[in-house]
Amino acid sequence: MDTAERRELMTRYTQEVVTDEELAEVLERESPSAYIGYAPTGEMHIGHFTTIRKLADFIRAGVDVTVLVADLHAHLDDEKSPFDLLDARTEYYQTAIEAMVDVAGADPDAIEFVQGREFELDQPYTLDLYRMLADTTISRAQRAGSEVVRQSDNPKLGGLVYTLMQSLDVAALDADIAYGGIDQRGIYMLAREMLPDYGYDKPVCVFAPLLSGLTEDKMSSSAPESKIDLTDDREAVREKLQQAYCPMGEAEDNGVLEYVRYLVFPLLEEDGDSFAVERPEKFGGDLVYEDYESLEAEFVSEELHPQDLKNAAADYIADAVAPVRERLLDDPELLAAAYPENYD
RNA sequence: CCGCUCUUAGCUCAGUCUGGCAGAGCAGUCGACUGUAGAUCGACUUGCCCCCCGUUCAAAUCGGGGAGAGCGGACCA
């Protein structure tokens, strides 16, 4: 695979790269590395799936991938995760991420998993952190994390320290590339600004798009009907897609189309399969799409009706989620320990 | 250490002064209309009024005690 192909693989289905030139330079190195961090807070859902699926692209492009399960961050962010549940949730996140990577067609063992507390309590990390705390204004840290850290009327210090720690994580994990959702942009721009002052390289950034929810503009963990959960069975997936906002002919802010584009098609391509739509004869009979663009074109032209799209998308999404679901439910203690309030 | 404010439906909050059936908006549920959903109509649901004790025929409301959260003051030789 030549560098051009690797760059294409690295950047497909992404929203932004900072910068393309730097990415090209990094890919020329001996063993380029990338990292993504997840704070183990609420249960993971299909929105995470699209972002994690791309890790398979990274691995295929010859990039070493580290996944940071940022347990301390999960508590620093307004105590989203109680301190006592950090280990259990870390274990759950790692298991879920491994299962999603597996579905994406990559070997989960190729990924290095790191728990935040393994290195965030040691020097020189802590010394660098105190130095950063000394010369970062409150408003700068607040702005960097405004899309990530929970906003409230009574913000805690933890939310500010959070952004500085995430910046340091990039350096401490020795990652050339910082990967994450576009909501992480503010923090990584802070990292690019500050890390050189402390003797570290500034990271290349690759950002995944944030997908629309099924019933709202953005996916919200507080709106259970707006997203597919990793533990949803086929029937639950169907019900949620049936309820999804999906105006005829409109591709903008259409969660159903977005899932098809960023999750279903990449997975189908992996196996060389096409997207098949079963459609009653009275509406014109079955349809087959080889790529997303042709599907969207027919949806926009109203040749493809939302109900038929939903039926097909539900089945493919259920197929993708099923192995993850089985893996998570295989160990009854996994979810019960991480979310005792949801699983008695 | 001292003082003040807040706590009511899933969420945001009215109601407390002056005691009298527990309220609004949003969310949610169900119908109608659409070959989906939404929008739009129509209907419906939602409670430890933070806890305990007292006053009263009657307490979300008044009095006392407590818990949690927030704000301010003081201390700075």
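In what follows, chains carry the letters A, B, and so on, assigned in the order in which the sequence lines appear, proteins first and then strands, with residues in each chain numbered from 1.
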For residues A:Val260 and A:Leu295, determine if any side-chain heavy atom of one lies less than 4.5 Å from a side-chain heavy atom of the other.
yes
Roughly how many Å apart are [M] and [N], using the [atom1] atom of each and rounding to a whole number?
N: B:G19; M: B:U56; atom1: P; value: 16 Å
N: B:U16; M: B:C62; atom1: C1'; value: 10 Å
N: B:A39; M: B:U7; atom1: C1'; value: 37 Å
N: B:A9; M: B:C44; atom1: C1'; value: 15 Å

Give one of base, sugar-phosphate or nothing for A:Asp308, where a contact means two heavy atoms less than 4.0 Å apart.
base
Pairing partner of [N] (Watson-Crick or G-U wobble, both distances under 3.5 Å):
N: B:G63; answer: B:C53
N: B:C17; answer: none
N: B:C4; answer: B:G70

Output the distance between atom CD (A:Glu30) and atom CD (A:Glu28), rounded to the nearest 0.5 Å.
12.0 Å
Taken to the nearest 0.5 Å, the spacing of A:Arg6 CZ from A:Asp57 CG works out to 13.0 Å
Checking A:Gln115 against A:Glu120 for the side chain to side chain donor-acceptor pair (under 3.5 Å) test, could you report, in this order, the C-alpha distance in whole Å, the side-chain angles of both residues, the deciding distance, and whether it holds?
CA-CA 9 Å; A:Gln115 185 174 10; A:Glu120 289 165 344; over 6 Å; no
Can you tell me how far P of B:U36 sits from CG of A:Asn311, to the nearest Å?
12 Å
Calculate the interatomic distance between A:Tyr245 atom OH and B:U40 atom P; express it in whole Å.
12 Å
